[in-house]
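Written out below as structure tokens is the structure these notes cover.
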Amino acid sequence: MSGNETRSQAIFQITNREPMPVKQTEPLGKIWACDVFNLAKMEEALSKTAYKSMKKTVETGAPLDAGVAEVVAAAMKEWAVAKGAKFFSHIFYPMTNITAEKHDGFIITTSQGNAITEFSGSLLIKGEPDGSSFPNGSIRMTNAARGYTAWDPTSPAYIMHTDNGAVLMIPSVFMSWTGEALDKKIPLLRSNAAMDKAAKKVLSLIGETDIAQLNSSCGAEQEYFLVDANFANARPDLLLAGRSLFGAPAAKGQQFDDHYFGAIPARVQVFMQDLEDQLYRLGIPAKTHHNEVAPAQFEIAPYFEAANVAADHQQLMMTLMKSTAKKHGFICLLHEKPFAGINGSGKHVNWSVGNATQGNLLDPGNTPHDNLSFLLFCGAVIRGVHKFGPLLRAVIATASNDHRLGANEAPPAIMSVYLGDQLEKVYRDIKDGKVSVSQSGGEMDLGLSQILKFKRDPGDRNRTSPFAFTGNRFEFRAVGSSQSVSGPLVAMNTMLADSLNWIADKLEAELGKGLNTGDAVLAVLKELMDKHANVIFGGDGYSSEWHTMAVEERGLKNIPTTADALGALREDSVKELFKSTGVLTPVELESRYEVYAEQYILSIEVEAKLMINMAKTSIYPAAMNYLADLSATSAGMAELGIELDSSVVKTVAVEANAMLAAVARLEAAIKKHDFASPEAHMKFLAKDVRDLMDEVRSHADALEMEVDDALWPLPKYSEMLFIK
Ligand code: ADP
Ligand code: MG
């Protein structure tokens, strides 16, 4: 097939496709978590004592006794086999954003040659997937390549149904034989523990006595694109890089905002329903779905859960989004910027911390006492974002998210905090010494004129802020749509732990001077604001005034690319942060730097190679075919004595030549490998190589606007975004 044939075939296939039958869904009560070995299932399957000990582990992370593990393993296997599983797998999350699994059979054979199923506590607890090919940032020498997986009992096991049958999936951590974290789960669990410890200190200093274990929570809003697979299959860039490396803008883009919250196309509704039913079976609480701003863009948001479980569920959800899309004849693009000139996708990470006794500590609450803890915890976040802004930027730094951050649609690459007018004023008043302590109804009161209660009106939101307070939680809006939420959650929990430790020390000192609780809290918050108020910003984060003010007056950093951002992971203050809180050793932190740098380099190189290939083998030939047609026609016309306008020929020839010249320079650029450091290599890719890629693209896109539609080989934006 040549030129438009591929495209017209695709359109024919799409318009003539049999609609996916609408599945009869079963009542939620019947399917909810039916494939999850959760506490309810354990209560049925285990003895009272075994269940009690498991419950304690699940709820508090307390270590599990080996005897109990044995009993749980047997019950888990029984349950899984009854559901048709013949295999089990420890599922884990390497430092790249992927999910990894290695399947093992329950089968063993007896001396009589019979096959039976077996699964012991030790198999449940520990696996040895080797995994020497997972990037480890030089933590493991090849002669010590073994990696181990270990069961995380705080995230429930579940059954994954695939075309190959059912598999029991066991959420696990992944570590080296020397015990170093090689994954994204271990630091998340450690960061939660560090936050818990620090929060307890602060809460007891302000007089709390009954303090349950604290947990961070996460609710992630996931944006994505759906494109028909017939188009995607004709676009190697969408298939291999997840984004279009070429493509002139469609005459209609998103100017009318007519897709946002519009009626969901029927075919997409069927997809969403299928996806959500699978999520419900796996106990993932998908709550909202809607169209997003760009054509063909959608969002799904599950209800928030404990961060560790939410992170596992997020990974599982992304896997299911892709596989379900395939089933429905779509490709699901999780890339941050699949289409130039059209809004990209993010993953807003809603985050709060709380426990069973004090509730959500980022909720202002109903009593003056609640206000005390709220202002301290919220203050701790303000300090954290100010002190560790570059770290927050580093944990969202990927080659793909670079396309989005700082563009006028997504939060800028400057980390600031949005509090809303009312709360910002409270903190400023504290800073200016305008707030004093009073005693009302026997309770300590900060003398604020009313209990802090914030409207949660979406109209009140600041969509231009990377880190926004939204009434009872913070929303980290700059996270990329394809990312694991773990990195951002680790950074947030850890910076919070650090700030709470700082607050605890200061409070202790103030209380030691004989101040009452209210005055001590005010004194600490005042000092905190004196040092960190600069990070609070309620204005337009997209404006150029802010970009100048943030850097020149506020001393904040604007870090546009991953090449500049990752260096934060090597800063002494960041090393100290992770070391002092016990979240990552310096070796573990450095390994993350190396892995992320490598990922960045690889992904830009892959894109550049793909671009060279597509430019040479499909775009240039299309232009030449068109020139051949034109010159044949013009020769024919000349015989009749008619001279055709040659301007199109000239434009096509000039653009095609210019494209080839840029391709040649790009080819030379990616051959360069003699860099002094990964940092220098990244910077070269971020600037020189990306600029050359833009140049190749601009000529190719100009050709798309000139060359006969019938000869153009790649599905166009107008087709991919609008035909479903
Ligand atoms: P919006 O688009 O208005 O920001 P959504 O309803 O799309 O809101 O998503 C908000 C997300 O925040 C959901 O995942 C929700 O469960 C989550 N969320 C709500 N309250 C909390 C909280 N206290 N802590 C963490 N996440 C929360
Ligand atoms: Mg939303």
Side-chain angles (χ1 to χ4, degrees), residues 188 191-192 195-196 199 214-224 257 259-262 264 272 275-276 279-280 283-294 297-318 321 343 345-366 370 373-374 377-378 380-381 409-411 418-420 423 452-479 481 483-486 488-493 496:
L188 181 53
S191 71
N192 203 68
M195 182 279 295
D196 169 56
L214 286 109
N215 240 317
S216 50
S217 297
C218 162
E221 304 161 52
Q222 171 80 53
E223 294 176 333
Y224 62 99
D257 273 343
H259 191 254
Y260 194 41
F261 279 38
I264 300 171
M272 285 177 170
L275 172 66
E276 281 157 1
L279 294 174
Y280 290 152
I284 302 178
K287 179 134 172 72
T288 58
H289 61 222
H290 57 78
N291 285 358
E292 260 302 328
V293 176
Q297 191 188 27
F298 307 92
E299 177 181 303
I300 179 168
Y303 197 68
F304 70 101
E305 303 177 278
N308 176 41
V309 174
D312 288 1
H313 280 171
Q314 240 288 311
Q315 293 297 110
L316 182 52
M317 190 173 88
M318 290 195 285
M321 288 171 80
N343 266 19
S345 300
K347 177 140 58 196
H348 301 168
V349 174
N350 292 270
W351 166 76
S352 63
V353 297
N355 65 5
T357 41
Q358 277 72 36
N360 176 0
L361 288 153
L362 291 173
D363 196 323
N366 296 319
D370 286 341
S373 58
F374 166 72
F377 276 74
C378 186
V381 176
E409 62 173 77
Y418 171 77
L419 294 177
L423 185 57
L452 301 173
K453 258 290 161 210
F454 302 103
K455 293 183 289 205
R456 276 172 228 155
D457 172 12
D460 209 12
R461 303 274 180 86
N462 188 322
R463 298 200 174 270
T464 67
S465 173
F467 211 94
F469 180 69
T470 55
N472 65 349
R473 61 188 186 267
F474 278 90
E475 186 174 359
F476 190 9
R477 304 175 54 87
V479 180
S481 51
Q483 267 193 279
S484 155
V485 293
S486 298
L489 288 169
V490 168
M492 292 191 282
N493 285 342
L496 184 63

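Both backbone and side-chain heavy atoms feed into the values below; hydrogens, waters and symmetry mates do not. In this chain, numbering begins with 1 at the start of the sequence shown. Indexing begins at 1, ligand by ligand and atom by atom, following the structure's order.
- Remark: ligand 1 and A301 share no N or O pair separated by less than 3.5 Å (distance only, no angle test).
- Ligand 1 has no atom lying under 4.0 Å from any heavy atom of H348.
- The shortest N or O to N or O distance between S217 and ligand 1 is not below 3.5 Å.
- Atoms OG and CZ, from S465 and R477 in turn, are 8.0 Å apart once rounded to the nearest 0.5 Å.
- Residues satisfying the ring-ring contact (aromatic ring centres under 6.0 Å, His included) criterion with F476, sequence neighbours excluded, are F467.
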Side chain to side chain contact (heavy atoms under 4.5 Å, CB included) for I300 and M321? Distances and angles first, verdict last. CA-CA 10 Å; I300 179 168; M321 288 171 80; 4.0 Å; yes
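- When heavy-atom distances to ligand 1 are checked against a 4.0 Å cut-off, T470 has no atom that comes that close, whether in backbone or side chain.
- Close contacts between ligand 1 and S352 involve ligand atoms 22 (C), 23 (N), 24 (N), 25 (C) [criterion: under 4.0 Å to a heavy atom].
- Proximity of a side-chain donor or acceptor of E223 to a complementary backbone N or O of G346 within less than 3.5 Å is detected.
- The structure places CZ of F474 at 16.0 Å from NE2 of H348, a figure rounded to the nearest 0.5 Å.
- For ligand 1, the atoms lying closer than 4.0 Å to a non-hydrogen atom of N360 are 23 (N).
- At distances below 3.5 Å, not a single donor-acceptor pair connects side-chain atoms of N215 with backbone N or O atoms of G354.
- One N or O on the side chain of K347 and one on the backbone of S481 form a donor-acceptor pair closer than 3.5 Å.
- At a 3.5 angstrom cut-off on N or O pairs, P302 counts as close to ligand 1.
- Backbone and side-chain nitrogen or oxygen atoms of Y303 are examined, and none is located within less than 3.5 angstrom of a nitrogen or oxygen of ligand 1.
- No N or O atom of W351 sits closer than 3.5 Å to an N or O atom of ligand 1.
- Atoms of ligand 1 lying under 4.0 Å from any heavy atom of E299, numbered from 1 in the order shown and given with element: 7 (O).
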